[in-house]
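Per chain, numbering begins at 1; letters A, B, ... match sequence-line order.
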Amino acid sequence: MIDVRSLRTDPDAVVAALARRHDDDVDAQLAEARRLDGRLRAITGERDGARARVNELSKEVGRLRREGDVPAAEGLQEESRTLGAEEKRLAAEHEEVSSQLRELLLVIPNLPHPEAPDGTSDADNPVVRGPFLPETFAEHQRVPHWDTGAELGILDVERATKISGAMFTMQRGAGATLARALCQLALDRNADAFEEVRPPTLVLSSTLTATGQLPKFADDAYAVERDDLWCIPTAEVPLTSLYAGEIVDQADLPIRLMASTPCYRREAGSAGRDTRGMLRTHEFDKVEILAVATPEQAPDLLEELLARAEGTIADLELPYRIIEICTGDLGQSHHRSFDVEVYAPGCDQWLEVSSVSWFSDYQARRADVRFRRRDADGTPTKGSEIAHTLNGSALAVPRVWAAIVENRRQPDGSVEVPDALRPYMRGIDRIGPA
RNA sequence: GGAACGGUGGCAGAGUGGACGAUUGCACCCGCCUUGAAAGCGGGCGGCCGAAAGGCCCGGGGGUUCGAAUCCCUCCCGUUCCGCCA
């Protein structure tokens, strides 16, 4: 959520910042939010005043009764009853307006970072590093991974579909080992600074609301309706909510977490796109790295997370580039984002394999993750502040798997395992025909 | 799934209709004492909204009452026992 207070104190700045998203609904939403906020504050004052008078009268009634002045007490009780009814009406109105405001706030997107590039769509995302490409690709690399995968018996889409339907895949043999090796590499590479977590992958609605998937993007997530739970689309969801409702000590920030989990996505809006192979699937494994930080720590962490995602891809010797997400393409919760894209010569596509983002306090406000500052001599200060959150994919398995199978394909049709993965491959350094 | 007992401040744990946002202990902070520390002594010490006055928060929601941490209903969560189970 954006900060309502900023909307109150500096509405023009908020309107201007959000205008850069080129989202047609935002202006009207902001105007309505301001109106509701004004009304809410007025009602709050009235309601509190009524309550204060009821409390005062009740105290007086107690005093009179102790002193035995029952008639006087009964007179005040009558007055209090009337006031109480008024208070009830105001409280109900307060409740109504407050939930309207909250609902609206939940769909208003985050303010883009001032340095995020302007643009209206993904076509405007600038390449900020790279592309790091070899001079040419050989003919033997121009084979889509679904062909090579089937040929080598390491990808069995047909049977995955039999079991679970379209857009599910299954890796087998050395292909399954490769998928697992990728997760292990990503975890080991980041274990120097990140605590490994194995979070639940079914979560409550409130958890999915905190990170921004609900209420607006419910169609993208799998729901386990009978138990009112949702399948996580990314480990970002449980990890961001790890400290929900808590106030953490500044001394403990940044908190760095990582998790390897399956991710579930309905891909509701993308039917018919990327239907072959492993480019887009309903279920996949991903290693996520995440930080909870102070606002001051966030910019450096964003760079660090990006460097870690990039470093892993570089270690795997894959051709890649880094793009920055422009204001018109930024996700609802995002403040600033970068993508790592890998080139897959077989299907001749740049594949998004990692997205690294800074959410400012947008998610933390929804999740209620706060921190308490310490002053210069280390004494905890009064009050609390909303934390900042950042995260990125350390490695998303299917597309990296596909890119390896295509880039590493040899003239004889086998696939050479990148050096970085060999420690995890049980001695397999080349995947040949089964 | 069944039964019993619980849910109060960072933690422990009182409070069972009115002076209670809440006794007390521990932890923490400041001061005194001390060469320094510990102990001791004195003081401070929850969160949220609000410019303030004030209001709200004793698991969530609802109810009874002039007034609810306290009584009633309901839901959620926890512990223990039973059942089932990888």
Using whole Å, report how far [atom1] of [X] lies from [atom2] of [N].
X        : N     : atom1 : atom2 : result
A/Glu246 : B/C11 : CD    : P     : 10 Å
A/Asp368 : B/C48 : CG    : P     : 9 Å
A/Leu64  : B/C66 : CG    : C1'   : 11 Å
A/Arg53  : B/C56 : CZ    : C1'   : 17 Å
A/Lys59  : B/G67 : NZ    : C1'   : 11 Å

Is [X] near enough to [N] that one of its side-chain N or O atoms lies under 4.0 angstrom from OP1 or OP2?
X       : N     : value
A/Arg51 : B/A53 : no
A/Thr44 : B/G55 : no
A/Asn55 : B/G67 : no
A/Arg47 : B/C56 : no

Inset, instruction - Starting at CD of A/Glu288, measure out to CE of A/Met258 and round the result to the nearest 0.5 Å. - result: 12.5 Å
Inset, instruction - Verify the ring-centre separation between A/His334 and A/Phe359: is it less than 6.0 angstrom? - result: yes
Inset, instruction - Taking atom C1' in both B/G59 and B/C77, compute the distance separating them and give it to the nearest angstrom. - result: 7 Å
